[in-house]
Amino acid sequence: MFSLSRKRVLGLPLLINQRVGFKTQTKTIKVYEPLPNAHKDGKPLMDVIRADQYKKLDPSGIKQKLLDSKNPTRLRSGDIVRINYKNNIKPSITGMIIALNRAGLESNLLLRNQVTKIGVELRVSVFNPIIERIDILRKPMTYRPRNKLYYIRNNRLDVGDLENVKGKKLL
Amino acid sequence: MSNIAKSLLRLRFSQQGLLRFQAQLQAPLKQQQQLRTKASLTSPGAIPYVYTETPTFDKSPEAARHRKRLLARCGLIGVKKGMVPFFRENGDKIGCTVLEIDQVEVIHNKTLDNDGYVAQQVGYGYKLKNQTKQMLGHFSKAEVSPKEKIVEFQIKDESNLLPVGTVLKPSLFEVGKFVDLKSVSKGKGFAGVMKRWHFHGLKASHGVSLAHRSAGSTGQNQTPGRVLPGKKMAGRLGGDNVTIQNVEIVDINDEKGYILVKGPVAGPKGSYVKIQDAIKFYT
């Protein structure tokens with residue numbers, strides 16, 4: 001919880017000329033060394049925390065690769081994906097990505113599906129530790145010219161029932 | 001019964017005073033004990049004066065100290081660094097503020113005899129530039145390095161004062177416990193009533209001219225003929241001392257020196273935050 005600090009004087013003590021009556025006296029003030037710095041390797045704290053969290057939440061780096069813009073098989077809006085949860089905490093979810101929000105550890109997907117002909121949307125945090133993996137079921141032949149596909153809602157472009165999507169239809 | 005009436009009664013019929021008076025009478029009574037055969041009451045007229053206790057005044061600093069809900073121990077100083085997400089075991093995501101705890105040491109202890117109140121002076125960080133000679137002497141007396149920020153934590157009892165030079169670490173607090181966070185909010189400058197007090201403003205059309213964000217009327221006509229005090233108007237917004245109570249501690253790291261607290265904290269990044277046990281839980 002707490003401990004006594006080390007007592008080491010920093011380099012040269014500070015010399016101060018002090019007037020006492022008509023004389024000038026030299027007085028020394030000891031200046032103590034700062035405590036040894038925390039194990040951050042000179043990096044800003046926020047970078048250290050983010051790196052730690054990536055290591056904890058995504059040790060294999062697979063989820064980071066899914067969001068990497070240089071990866072050709074990355075997640076894109078228009079892909080149909082299935083979210084599988086650890087130990088079947090929740091049933092797996094299938095849906096089309098209609099929006100992908102790249103925000104570091106808070107990155108999330110907006111999935112759209114139809115259940116009994118009713119449009120259903122769900123926002124999923126990619127780095128949530130209860131998500132075991134994200135399977136890409138199908139990639140479209142051609143992508144729509146927008147990254148946010150909000151305009152497909154409730155019109156002829158809308159997604160159908162994606163529960164039984166099978167086979168990969170890659171680019 | 002009011003306090004004044006109580007103190008008056010205490011003055012007149014103080015039981016302790018009477019007892020003391022009787023004790024004073026004991027000495028002469030002992031001499032007359034042989035003559036006395038019956039128990040007798042001393043007549044009130046024979047009592048020349050009565051000792052009374054000096055009442056404690058409500059306005060005294062001592063009484064004020066007793067009225068305060070003071071905590072048993074001191075807290076920490078942190079620096080707001082930013083926000084990160086945190087995932088709980090059940091998959092809940094919460095936004096957390098990162099408070100850096102760096103080189104927090106006890107500099108000075110204030111005692112009841114010296115200062116009239118009990119407090120612990122705690123310093124944060126390391127800064128040698130532009131320190132005054134007086135402050136350098138203060139730090140060297142405590143045998144700690146020069147600090148960039150100093151705060152005081154008033155506490156209840158002198159027995160809980162930590163020795164000078166103690167290094168305080170984030171594990172002073174525990175995960176799952178609750179704290180109060182004090183900091184200075186972001187200054188917004190001179191703000192209008194819509195931003196400062198959430199007024200609705202005037203209409204966008206229907207003859208309103210160049211007054212769409214105005215406050216409108218500020219009072220009545222000849223009676224009272226003035227604007228009443230406390231009227232909400234435009235003025236300085238932000239830059240206030242803000243306390244956020246009962247904030248949950250989500251994560252603690254001694255090695256890297258930080259605390260994660262649930263939710264936002266007032267003030268910009270880099271502002272100092274006083275972290276104390278939650279007053280509503282621990283007093």
Side-chain angles (χ1 to χ4, degrees), chain A residues 1-18 27-41 43-54 56-58 83 85-87 89-90 103-108 123-132, chain B residues 73-74 76 79 81-93 95-96 98-106 125-128 131 133-147 162-174 251 253-258 260 269:
Chain A
M1 196 191 282
F2 34 75
S3 58
L4 280 171
S5 52
R6 286 194 307 163
K7 286 162 191 172
R8 273 176 62 190
V9 180
L10 185 83
L12 282 168
L14 213 81
L15 295 171
I16 285 165
N17 290 326
Q18 207 174 29
K27 196 184 165 190
T28 56
I29 295 178
K30 281 180 187 173
V31 177
Y32 289 86
E33 198 179 53
L35 296 170
N37 213 341
H39 305 283
K40 283 178 268 185
D41 305 328
K43 286 177 189 167
L45 179 64
M46 289 303 282
D47 294 356
V48 173
I49 292 174
R50 278 195 203 105
D52 283 1
Q53 283 193 326
Y54 274 124
K56 185 185 159 193
L57 300 170
D58 186 25
I83 311 288
Y85 290 98
K86 272 177 193 165
N87 308 326
I89 300 169
K90 289 178 183 175
L105 282 155
E106 292 198 76
S107 301
N108 55 57
R123 202 172 277 278
V124 179
S125 277
V126 176
F127 289 100
N128 198 327
I130 62 167
I131 293 173
E132 194 176 18
Chain B
R73 57 175 193 161
C74 81
L76 289 175
V79 165
K81 284 285 165 182
M83 289 188 78
V84 286
F86 186 87
F87 293 97
R88 292 197 203 261
E89 279 182 8
N90 60 359
D92 287 352
K93 189 183 79 172
C96 292
V98 179
L99 301 174
E100 188 173 13
I101 311 293
D102 183 24
Q103 320 232 10
V104 179
E105 286 174 292
V106 176
Y126 173 70
K127 186 196 168 197
L128 188 57
Q131 293 277 11
K133 287 170 201 167
Q134 290 86 342
M135 283 319 290
L136 284 173
H138 190 54
F139 294 125
S140 96
K141 200 177 166 189
E143 299 186 346
V144 297
S145 58
K147 300 288 172 192
L162 297 167
V164 170
T166 310
V167 183
L168 298 172
K169 285 179 181 167
S171 55
L172 190 71
F173 299 108
E174 281 174 49
D251 196 12
N253 196 323
D254 265 5
E255 197 187 315
K256 276 149 194 169
Y258 66 84
L260 288 191
K269 285 175 198 168

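From a predicted model like this one, the values you see are computed outputs, not experimental measurements. Below, read A as the first sequence line, B as the second, and so on, with proteins coming before strands; counting in each chain starts at 1.
Lys269(B) NZ: 12 or fewer foreign heavy atoms inside a 6.0 Å radius.
Contacts of Ile49(A) with chain B are made by side-chain atoms alone, with heavy-atom separations under 4.5 Å and no backbone atom involved. Contact annotation for Leu57(A): only side-chain heavy atoms (C-beta onward) come within less than 4.5 Å of a heavy atom of chain B. Contact of Asp251(B) with chain A is not made at all, since no heavy-atom distance falls under 4.5 Å. Proximity to chain A is absent for every atom of Gln131(B), based on heavy atoms less than 4.5 angstrom apart.
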Steps toward side-chain contact (heavy atoms from CB on, under 4.5 Å) verdict (Glu105(B), Leu35(A)) | CA-CA 10 Å; Glu105(B) 286 174 292; Leu35(A) 296 170; 3.9 Å; yes
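Taking 4.5 Å as the limit, some side-chain heavy atom of Val31(A) sits within range of a side-chain heavy atom of Pro146(B).
Between the side chain of Gln53(A) and the main chain of Pro85(B), a donor-acceptor pair closer than 3.5 Å is present.
Of all heavy-atom pairs spanning Lys256(B) and Leu45(A), the tightest one is O-CD1, 3.9 Å. Scanning both residues, Asn128(A) and Gly91(B), for their nearest heavy atoms gives ND2-O, 2.8 Å. Closest approach of Tyr32(A) to Tyr126(B), counting heavy atoms only: O-CE1, 4.4 Å.
With salt bridges taken as basic N to acidic carboxylate O contacts below 4.0 Å, one links Lys93(B) and Glu106(A).
Distance check, rounded to the nearest 0.5 Å: CG of Leu128(B) to CD of Glu33(A) gives 12.0 Å. To the nearest 0.5 angstrom, Ile29(A) atom CD1 is 11.5 Å from Met135(B) atom CE.
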